[in-house]
Asker: 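Starting off with a structure, shown below.
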Amino acid sequence: MNIRNGLVLTTAVAAALMVTGCSSPEQQAFNTDQPTAVCTDGSGNRVDDDLCDDNDGRGGHGGFMFLYLSSGSHVPAYGNKVHGGSKVKAPGTSYTPSKATPASRGGFGSSASSRGGSGYSSGS
Amino acid sequence: MIRNSIVPRHDWQEKVEQLGLIWHTADGQPYWNESAYYQFTRQQIDEIEKASVSVYQLLLEAGDYVIRSKKLNTFGIPAYCHEAIESAWNNEPPALNYGRFDFGYDGVSPPKLFEFNCDTPTSLLEAAVIQWYWKEEVVPHADQYNSIHESLVARWRELEPRLRSNLIHFAHIDDAAGEDTITTTYMRDLAQEAGLKTQGVLIQDIGWNGERFVDAFDTEIKVCQKLYPWEWMVNEEFGKHVVATLDHTLWIEPIWKMLWSNKAILPVLSLIAAEHPNLLHTSFDLSDMAEHENYVKKPILAREGANIEIHQRDGEVITSVDQDYGEEGHVYQELYKLPNFDGRYPVIGAWVVDGAPIGMGIREDGLITGNTAKFIPHVIL
């Protein structure tokens, strides 16, 4: 078995962490499990949702517009091309914005910060 | 076994970084230490494999014993989790069921169990990938006790039909050294190689929307492998939501791993298999250690060798770093005489998946293996 072929994410994230020292931009990409609206620029690259018009399917100013992705689509990191989206919504479908809406967060993780995280390297 | 010194590859840092190991140096000293390697015979590896299989079987019996005799209260596990643990133990939800035994082994007498790390075991990338490519380059004619990568991919393939989603989330801390992030990312690669889709999420970004857990983008989390211990989760704000929604969010590893990844299981092993060759006598009561003049006091829940005390017959006590562990109680374990290679003491990390032995990694430290331990590769010759 060629293990190296199975290290696609590991090597990409390692390279990114060594350059930026912070969480890889790859983390901003995700696979959606519901119909999702993604804001794009004139070249079809993903941008922040705030740049798009609120109104459905009308497109924003300066070429910004929502693309509508079906459930199970890949939403890329900001700045990357959005594939497989449609400029119009599918009839009868409601779309969720790609940016997080406020669920309650921070309910995990406090034990780690109080202990200063993990060391190298045993786990338990 | 034999310890050989060898010159590290001149560009070793770059080589291991290219395979993901970016936490190879700590405080200016190599954590990944390729200035030496251990050499085992095929017979010695057989001993380690045999010990892994035997101990795993004992752990199944020990788990049954704890559940049957309702002894979860001795494990420091909150009461609200007990029913869920019992149910998960009996119903066996899908799990990788992987873990790393820590064995003391001198190459001659049977390997002895220190503990089982099977909730969030680490040094996975080092054992599965880094030491393999080191061996292929530096000692290509030798073998290595290592089929960890392919065994875990195969396990994901087995699990896939039983999972309620083919999108698997992977939760972790955003640790400064990158170890947790990369180890988790490697676990994503294993699942992807088996044909699954994956998404990373930081543990503090997991959201609760009133009914379900969601990731940073509000996508529902249906299956989640976590590099974050159960004993922390169940004592945090969302712990109660986890237990309430176990039918909707599958956690890997499942909550019954709280039984095995807790040192309170060790006295149970001693109870049900008193003279077993792979066990060190362990008890909740210091008075049970009367025959063992040298013993080790360990918190039942602690990490990286913290808060451990070695008590020796001459009265000397050696302690490890105080990280405030021990609130849930302690066990006392017979002291094992680790082999000494010029002040370096190796501990065998023997990996298993669903009870099958799949490989090992070795860490070296002083008498207590802590978070300054070094990872050393090995070969079979």
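Chain identifiers are assigned alphabetically (A, B, ...) following the order of the sequence lines, protein sequences preceding nucleic acid strands; residue numbering begins at 1 within each chain.
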Asker: Pick one of side chain, backbone, both or neither for B:Leu125, based on which atoms fall under 4.5 Å of a heavy atom in chain A.
Answerer: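 Contact with chain A: side chain only.
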Asker: Which bit of B:Thr198 comes within less than 4.5 Å of chain A, counting heavy atoms only: side chain, backbone, both or neither?
Answerer: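 Answer is both: backbone and side chain atoms of B:Thr198 are under 4.5 Å from chain A.
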Asker: I'd like to know which of B:Tyr325, B:Trp260, B:Tyr186 tops the heavy-atom pair count under 4.5 Å against chain A.
Answerer: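 Ranked by heavy-atom pairs under 4.5 Å with chain A, first place is B:Tyr325.
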Asker: What pair of heavy atoms forms the shortest contact from B:Glu236 to A:Ala112, and how long is it?
Answerer: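 Closest approach of B:Glu236 to A:Ala112: OE2-N, 4.5 Å.
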Asker: Looking at B:Asp215, is its backbone amide N or carbonyl O close enough to the side chain of A:Arg105 to form a donor-acceptor pair, meaning the two atoms are under 3.5 Å apart?
Answerer: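 It does hold such a pair.
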Asker: So what's closer than 4.5 Å to chain A heavy atoms on B:Ile206: side chain, backbone, both or neither?
Answerer: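 For B:Ile206, heavy atoms of backbone and side chain both lie under 4.5 Å from chain A.
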Asker: Kindly give the heavy-atom pair with the smallest separation between B:Asp189 and A:Gly6, and that separation in Å.
Answerer: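 Heavy atoms of B:Asp189 and A:Gly6 come nearest at CB-O, 3.1 Å.
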Asker: Is the shortest heavy-atom distance from the side chain of B:Gln192 to the side chain of A:Val8 under 4.5 Å?
Answerer: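 The answer is no, as the side chains (C-beta and beyond) never meet within the 4.5 Å cut-off.
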Asker: By a 4.5 Å heavy-atom criterion (distance strictly below it), what part of B:Ala128 contacts chain A: side chain, backbone, both, or neither?
Answerer: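 It is the backbone, since no side chain atom gets that close.
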Asker: If you count heavy-atom pairs under 4.5 Å with chain A, which of B:Glu17, B:Gln323, B:Lys374, B:His241 comes out on top?
Answerer: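 Heavy-atom pair counts peak at B:Glu17.
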Asker: If I measure from the heavy atoms of chain A, does B:Phe213 come under 4.5 Å with its side chain, its backbone, both, or neither?
Answerer: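 Just its side chain gets close to chain A.
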Asker: Tell me, for B:Val242 versus chain A, whether the close heavy atoms (under 4.5 Å) come from the side chain, the backbone, both or neither.
Answerer: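 It is the side chain, since no backbone atom gets that close.
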Asker: Among B:Thr219, B:Asn262, B:Asn209, which residue forms the greatest number of heavy-atom pairs with chain A at distances under 4.5 Å?
Answerer: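 Sorted descending by pairs with chain A, the first entry is B:Thr219.
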